[in-house]
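Notes for the one structure printed next.
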Amino acid sequence: MRLEKCWFCSSTIYPGHGIQFVRNDAKIFRFCRSKCHKNFKMKRNPRKVKWTKAYRCLHGKDMTQDSTFEFERKRNRPERYDRNVTAQTLKAIPLITKIRHERHKKHITERQKQGKTKQRERDAKELEQDIQMLPKKDTMLSTQKTKVVVKVSQQQTEENLMEE
Amino acid sequence: MAAFLRSKCSSVGRTLMGGLGNNLFGAVNSSVETVSRPSHCDPIFQQIRTFIQMRTNLKVVDNSGAKRVMCIQSLRGKKGARLGDTIIGSVKEAQPRGKVKKGDVVYGVVVRAAMKRGRNDGSEIQFDDNAIVLVNNKGELIGTRVFGPVPHELRKKKHLKILALAEHIV
């Protein structure tokens, strides 16, 4: 059982899924779903379509270099079966996946840090430029509304009620 | 009584005619739709992805001398032939001094089909065009070479010679 990668979006194709398109030069294109197949038929470039893995890697959104990717490399030469090695591999798979996810999260936070610092710089610059638009402290104090308490006698209120 | 029957018949006739009229209108609409479909320069778009049936033109991918064959009979199923099936065809275009000439009625094995075909592993395979390899009525190859990719499903259909001569097996 081999898990293939979609030619368009680079997602994993599990057995029983997807379409294989064979071109006349014998190049095989595997697609995970009809969405990818239709995009291929429309001659769309996966590097320019924003939701694909190719675009995300090209624009620095996803990790491109990491030691965990080495484990997922395609190996065409079959290994001699060894029970111990198989057991170790099966134990290691979830661990490697966990490490990769953690590194991916870290990569995203690092990527977002730059944006945050740039935003802070922009805010500071804007504040410097438009400082005069902010109201001054003393004017703010003077313009505060003071509550006025009006005392009304009991008789006046009774007269008003009678009139009504 | 006679008048009653006459009225019944006339109403039946009207309903039949009405139904026929509707069908006719539907048929006209469908034909218009098929004609007005946009034609792309890409062969992927031009290829109609359906069964290989009567009047389907197929590319010949061996060196028997034929270039283009038109299917005149599918030897499998009601609807038509698919990948790996045998058909009878008429040679429409041929090279000079080939083993077959224009107008010959020949047998052929479909080695590439634009229609999707399910595989044992659950995936589907689909080719760029419809292509055949010419064989005689005993199933022996006329040509000596097979060009382009062919699917490994031909092994199940006992066309081992085609697989042996093929450039690529997918």
Side-chain angles (χ1 to χ4, degrees), chain A residues 1-55 71-79 81 86 89-90 93 97, chain B residues 37-50 57-63 67-68 82-84 110-133 145-155 162-170:
Chain A
M1 186 186 81
R2 176 165 272 181
L3 303 180
E4 304 288 353
K5 293 283 178 197
C6 175
W7 182 85
F8 196 81
C9 70
S10 311
S11 64
T12 310
I13 306 170
Y14 287 90
H17 291 257
I19 296 162
Q20 274 181 308
F21 172 69
V22 183
R23 208 163 56 187
N24 278 356
D25 60 354
K27 180 159 171 51
I28 300 169
F29 299 92
R30 290 184 179 89
F31 304 107
C32 58
R33 55 194 192 274
S34 60
K35 179 184 180 179
C36 297
H37 190 201
K38 283 171 184 174
N39 275 289
F40 170 77
K41 285 199 282 190
M42 284 191 271
K43 294 186 171 180
R44 284 195 181 152
N45 185 357
R47 291 185 173 200
K48 290 179 183 177
V49 180
K50 292 197 174 183
W51 51 268
T52 61
K53 190 83 173 168
Y55 177 93
F71 295 106
E72 250 186 62
R73 200 178 67 245
K74 190 175 177 180
R75 293 164 182 82
N76 288 322
R77 195 175 295 167
E79 292 286 325
Y81 176 72
T86 309
T89 308
L90 290 170
I93 285 167
T97 313
Chain B
R37 193 183 293 157
S39 61
H40 298 266
C41 57
D42 193 3
I44 294 172
F45 288 103
Q46 285 177 353
Q47 189 61 255
I48 297 163
R49 303 186 180 285
T50 181
N57 284 295
L58 301 107
K59 190 177 171 184
V60 181
V61 288
D62 61 2
N63 60 350
K67 280 184 182 175
R68 186 165 59 87
R82 296 182 78 179
L83 201 62
V110 179
V111 292
R112 291 203 290 272
M115 189 183 181
K116 291 189 197 90
R117 183 75 194 254
R119 290 192 133 175
N120 286 343
D121 62 354
S123 65
E124 289 177 326
I125 188 164
Q126 177 185 19
F127 286 90
D128 226 341
D129 59 353
N130 295 320
I132 62 162
V133 168
R145 293 181 71 195
V146 176
F147 306 109
V150 299
H152 63 71
E153 278 88 351
L154 293 176
R155 192 180 300 280
I162 295 171
L163 286 171
L165 295 175
E167 285 180 355
H168 306 280
I169 298 166
V170 291

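Just so it is clear: chains get the letters A, B, ... in the order the sequence lines come, proteins before strands, and each one is counted from 1. The structure displayed is predicted, hence computed values, not measured ones.
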Contact part of A/Ile28 toward chain B, heavy-atom cut-off under 4.5 Å: side chain, backbone, both or neither?
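It is the side chain, since no backbone atom gets that close.
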
Measuring from [X]:[atom1] to [Y]:[atom2], what's the distance to the nearest 0.5 Å?
{"X": "B/Ser123", "Y": "A/Glu4", "atom1": "OG", "atom2": "CD", "result": "9.0 Å"}
{"X": "B/Gln126", "Y": "A/His37", "atom1": "CD", "atom2": "NE2", "result": "4.5 Å"}
{"X": "A/His17", "Y": "B/Asp121", "atom1": "NE2", "atom2": "CG", "result": "11.5 Å"}

Looking only at non-hydrogen atoms, find the nearest pair between A/Asn24 and B/Pro149 and report the distance.
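Closest heavy-atom pair between A/Asn24 and B/Pro149: O-CD, 3.4 Å.
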
Counting neighbours of CZ on A/Arg47 that are heavy atoms of other residues, nucleotides or ligands and sit closer than 6.0 Å, is the number greater than 12?
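Not buried by this count: 12 neighbours or fewer within 6.0 Å.
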
Listed partners of A/Tyr55 passing ring-ring contact (aromatic ring centres under 6.0 Å, His included), at least two apart
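So A/Tyr55 forms a ring-ring contact (aromatic ring centres under 6.0 Å, His included) with A/His59.
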
Check ring-ring contact (aromatic ring centres under 6.0 Å, His included) between A/Phe8 and all other residues, then give those that pass, not counting sequence neighbours.
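A/Phe8 satisfies ring-ring contact (aromatic ring centres under 6.0 Å, His included) with A/Trp51 only.
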
